[in-house]
2 protein chains.
Amino acid sequence: MPPLRNSSPTKPAARRGYHHGNLRQALLDAAVSLIETKGLDQVSVREVAKIAGVSPGAPFRHFPSRTALLTAVAEQATDRLIVEINKALAATEGENSLMQYRAIGIGFFRWAITNPVHFQVISTRTAIDFEGSSLVHRNGEIRAAMVRLMSDAQTEGLLRNTDASDAARHAVAGRALAYGLARMYIDGQFPSWGLRGADPLEEVIGMFDLFISSIAV
Amino acid sequence: MPPLRNSSPTKPAARRGYHHGNLRQALLDAAVSLIETKGLDQVSVREVAKIAGVSPGAPFRHFPSRTALLTAVAEQATDRLIVEINKALAATEGENSLMQYRAIGIGFFRWAITNPVHFQVISTRTAIDFEGSSLVHRNGEIRAAMVRLMSDAQTEGLLRNTDASDAARHAVAGRALAYGLARMYIDGQFPSWGLRGADPLEEVIGMFDLFISSIAV
DNA sequence: ACCTGAACACCGTTCAAGT
DNA sequence: ACCTGAACACCGTTCAAGT
């Protein structure tokens, strides 16, 4: 698997004009920390501006709307997700397609658990402009990789099922499982389901492996 | 499986005092239709009041806060979910534990697909007061039923795995899968994953059955 | 008992004016 | 080129006053 491409290389920070150096990034950081402390719904552009030390209207020089600001946070979140996925994929050099599919799941879990705020921003689609951003394309590449790897796994005879349509369904099921597990963990539901392990990452990987081994030959 | 208990039986509508009859319910209905048309984030108490034909302050006679109003919508959503689950469970009279676990999944899917707005309200936990409502208890009963049924399935020798801790993990995995599939369907992601079947309910049940049959003996 | 309508402290967003 | 600060049309919530 060649690594998934990430967004354009970091542009050089705009010099001067704003006394802190780079207002755009300062606003993104302020937004993330506000989401952490007060939750996504409570994020106001005005408070983000205040944290960054600028007037209420200043953010609109950099983002056309509150939605655009949150969408930019989601873009940043996707950057990090793709980094984690590529890291996990790189660790499966020479392994078979099913193990590479598994690696994408692992990367996703590692990202979600270490960046709960970013996970929340991406998964709350009503707060961002998903369709109108690069998210639809980059998310599509992750999906395409998952579908292709599962299809390859079928061709390579790694799956118990032999019906061609099952590969597509397994690819979706794995994604739904990963998403659901991450969401349940972030929402703090694990303890009530009897999952009290010290390491949630090990816990979700264990369950994902149950899925992988149950479809494998 | 005895049917899950639902909330208190419908109270008789308060007579008079408000010219439409029952403001509380009128507000809930207005909230649901607003969520449908403008999305959860765009719901304002003021506009809900306007739709119901009352002044901006009137809703606060019935709900202490915007969150409480949305939480009441979530309670109503849970009522419907439990109805669907009980319907599905009733149809599995005499079948084994694993089939009853499956029935809960079917009920959940039928509910989510026919009530996408209610699904969204319940699953967006930041918009409601989950912990401070009856939701935590009633949701807990659904969870307990799933855990017990999967554990019974293990005891009855219906599962391939024999490790006792696997039953708990299968119970969670099924829930995460069901949640993830419903969410992906509601978000309109099915077509891009190649799932273009006319009946989404059949589609998700098919994938849930893949899960059930992969853990069954 | 229930609703009105003014009031308060917030919002998102715009835009002329400043530097 | 970028930021300020006033302005506008909104919010959620409170509360005295009406019926």
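Proteins come first, then strands; the chains are lettered A, B, ... in the order of their sequence lines, and each starts at number 1.
Nearest to the side-chain atoms of A:Phe60 among the listed nucleotides D:dT13, C:dT14, D:dT4 stands C:dT14. With C:dC11, C:dT4, D:dT13 as the choices, the nucleotide that has an atom nearest any side-chain atom of B:Ser55 turns out to be C:dT4.
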Check against side chain to side chain donor-acceptor pair (under 3.5 Å), B:Gln120 and B:Glu36: CA-CA 10 Å; B:Gln120 204 200 332; B:Glu36 268 168 9; over 6 Å; no

Evaluation steps, side chain to side chain donor-acceptor pair (under 3.5 Å), between B:Gln25 and B:Gln76: CA-CA 10 Å; B:Gln25 188 57 47; B:Gln76 195 173 260; 3.3 Å; yes

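Rounded to whole Å, atom P of C:dC3 lies 11 Å from atom CZ of B:Phe63. The separation between A:Asn22 atom CG and D:dA1 atom C1' is 14 Å, rounded to whole Å. For the pair B:Leu27 CG and C:dC2 P, the computed distance is 13 Å after rounding to whole Å. Going from atom CZ of B:Arg24 over to atom C1' of C:dC2 covers 15 Å, rounded to whole Å. For the pair A:His62 NE2 and D:dA1 C1', the interatomic distance rounds to 10 Å; values are reported in whole Å. Atom CZ in B:Arg61 sits roughly 13 Å away from atom C1' in C:dG5 (whole-Å rounding). Rounding to whole angstrom units, CD of residue B:Gln42 and C1' of C:dT13 are separated by 14 Å. In this structure, B:Arg46 atom CZ and C:dC10 atom P are separated by 15 Å, rounded to whole Å.
A:Val48 comes within contact range of no nucleotide atom at all, as no heavy-atom separation falls under 4.0 Å. Residue-level contact check: B:Arg66 touches the backbone only, with heavy atoms under 4.0 Å from sugar-phosphate atoms and none from bases.
The residue among A:Val45 and A:Ala58 whose nearest nucleotide of DNA chain C is located toward the 5' end is A:Val45.
Side-chain nitrogen and oxygen atoms of A:Ser44 include at least one within less than 4.0 Å of the OP1 or OP2 phosphate oxygen of C:dC11.
Ionic pairing of B:Lys50 and B:Glu47 is not present here: no N-O contact between side-chain nitrogen and carboxylate oxygen is shorter than 4.0 angstrom. Under 4.0 Å is where a charged nitrogen must lie from a carboxylate oxygen, and between A:Arg138 and A:Glu75 at least one such pair does.
Between the side chain of A:Ser133 and the main chain of A:Phe130, a donor-acceptor pair closer than 3.5 Å is present.
The partner of D:dT19, taking Watson-Crick or G-U wobble pairs whose two distances both stay under 3.5 Å, is C:dA1. Look at D:dA7: its Watson-Crick or wobble partner, with both distances under 3.5 angstrom, is C:dT13.
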